[in-house]
Amino acid sequence: MLPSDSQGTSRLSRFNLMQSVFAEGLIVVALVAWWLGSLVLPSYAFPGPGEVFLAMGRLLVDPDFAVHSFATASRILIAIVFAMLIGGGLAMLPRYVPEFGVFVNERVRPIMNSFPSIGWAILGSIWFGVSWTAVIFVQTAILIPFTMINISEGLREISSEEQEMARSFTRNKWRAFSLVIFPMLFPYLVTAVRISYGVAWKISLVAELFGARIGLGTLILQSQTNNRIDIVFAVCLMIVVFFILGEKLVLAPLARLYRAPQRI
Amino acid sequence: MSKSLALGRGFRVFPLRRETGDKPGVVTAWVLSVLLLLIWQGAAMFMPPYLLPSPAEVFPLIVELFSTRSFYYHSAMSLWHVAASITVAFAVSLVIAVLAHFQPVIRKAVYERLNLFLSSFSTIGWTFLAIMWFGLNEFTVIFAVAVTLTPFALSNLRTSLEELDSEAVEMAASFGRSRLRNLQLVILPLMVPYIFATLRICLGVAWKVVLTAELFGGASGLGYLVSRARANFEIPTLFAIFVVIVCFVYLTDKYVLDVIHRRLRKNYAALG
């Protein structure tokens, strides 16, 4: 190895080490600041890390928490599937029926996009009562504009040359779609799933405040009503853990499955 | 006058849509929109008004809303909450993103720790924590919305800084060593289109979450009106408020933000 190469490598590894020191150092600083803050503020308003981690531990061994978590996670998964199907279908409609382009892109999409999430939550609870249908309906409605926008962007990126090439090889539209369009669209579908997953954990939990008896959103609401801020904190941190686990164990490997399509 | 692009003998002649100004599907869009309204009216005839009020019931209520002073007050409060939270989230994100851009060693801390945490922390969680910390007031609403918007703004500003024209940045560095001067005279002006795109995304998300924060943690704003209508089971009023919000966000996006976006697109090729 050339000396310059080894110098470059050691500089890079030193840089990586410093990056990790800053990254993990930030967590330590945040924990210390949290602990110091909890010493100054009353525990009913700002519980310390010890209390919150204890509450997290209690939640982890509580079978009820497993039921709440399972309910929320499965609703999120079902809502993402529905949102991908409906949002994807709406995004693809103008491609195959161009007459619907203005209606889908300038009516349906902006209206869905600007409808407030609490609006869906209230309407869902009025129409479907306290049920799984209500929560899944609300979450799907909140996620549809996000999936629509991403899949539309993906479709826009597929150039007409590639489509023409596919058409020159086969007249069968389904074959052209499954062998050319879908593989090129795959990265955008993964992005749509990733964004929906993030939004689902972050925003669409609001659905569980009105339309559910179990779920993490309901648990947060109950804890807030009972003034158990340690449990509110603990559930929120558990949501962060669930989100990161799903992102690292499922979505990141899924995103690595593809390589960016090469332009012809 | 219709112009077309001729590609030589034997080739199809493609009309240039932008020059002819025609847009396929405009009529269809109007027909389908009217059809949807008719379906809504028809469905409402078979359902009780507490489940689905008809457009004929909702539209007079919209007119009534606009004739009350409290509606203007609460709308102005919601606008203030949105504007304040976007300003806070944007300013904080801009400082953090620029710091991370000039100090690559902190990028992992910013994007893989701070931003990951903020992206996955539930808005409802922030709202309830803010209620317990600050009580039911404006600050709670602004805090909950700002902290929800920060990861969106941070991710977008990061992308904008990564996609800056490296030659222009290099040229600026060759003219002066002062990073602050380069930031002020070259980097920020180059970022203008991206900054606008970030603000637009933040505005969309802010309207989605501000009502939730106002409903639980505020004493004013459209979310408060929604909360009052819900408590009194005034479903037609709820529909009227939602229609007004959707129209307001839609019209602002189409006739204000989109116009600015197109102007910026003309002036800044980088926007793509």
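Order of the sequence lines fixes the chain letters, A, B, ..., with proteins taken first and strands second; residue numbering starts at 1 for each chain.
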Smallest separation among heavy atoms of C236(A) and F121(B), with atom names: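 For C236(A) versus F121(B), the nearest heavy atoms are CB-CZ, 3.2 Å.
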Minimum heavy-atom distance A23(A)-R113(B), with the two atoms named: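 Distance-wise, the nearest heavy atoms are O-CG, 3.6 Å.
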Contact origin within [X] toward chain B - heavy atom pairs under 4.5 Å:
| X | answer |
| --- | --- |
| L216(A) | neither |
| I220(A) | both |
| L26(A) | side chain |
| M112(A) | backbone |
| L209(A) | side chain |

Would a distance-only check, ignoring hydrogens and angles, find a side-chain to backbone donor-acceptor pair under 3.5 Å from [X] to [Y]?
| X | Y | value |
| --- | --- | --- |
| Y250(B) | E106(A) | yes |
| K208(B) | I118(A) | no |
| W133(B) | F46(A) | no |

Heavy-atom count check: over 12 atoms from other residues, nucleotides or ligands less than 6.0 Å from [X] [atom1]?
| X | atom1 | answer |
| --- | --- | --- |
| Y50(B) | OH | no |
| Y44(A) | OH | no |
| Y255(B) | OH | no |

Whether F210(A) and F216(B) hold their rings parallel, tilted or perpendicular, with breakpoints at 30° and 60°: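 Taking F216(B) first and then F210(A), their aromatic rings lie parallel (interplane angle under 30°).
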Validation row: [X], [Y] side chains within 4.5 angstrom (heavy atoms):
| X | Y | value |
| --- | --- | --- |
| T212(B) | S117(A) | yes |
| I27(A) | F117(B) | no |
| L52(B) | W127(A) | yes |
| V108(A) | L32(B) | no |
| W207(B) | P116(A) | no |
| I122(A) | L215(B) | yes |
| M132(B) | N227(A) | yes |
| I245(B) | F115(A) | no |

Which atoms of [X] come close to chain A, meaning under 4.5 Å heavy atom to heavy atom: side chain ones, backbone ones, both, or neither?
| X | value |
| --- | --- |
| I241(B) | neither |
| F233(B) | neither |
| L114(B) | both |
| P104(B) | both |
| F134(B) | neither |
| L118(B) | backbone |

Contact winner vs chain B - A121(A), A45(A), G25(A), heavy-atom pairs under 4.5 Å: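 Result: the option with the highest number of such pairs is A45(A).
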Residue selection (most heavy-atom pairs with chain B, distance under 4.5 Å) from R107(A), M18(A), E24(A), E247(A):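 Highest number of heavy-atom pairs under 4.5 Å: R107(A).
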Residue, of L129(B), T127(B), I106(B), that accumulates the most heavy atom pairs under 4.5 Å with chain A: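 Most pairs with chain A among the choices: L129(B).
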K202(A) versus T148(B), side-chain donor and acceptor atoms under 3.5 Å: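 Result is no, nothing qualifies.
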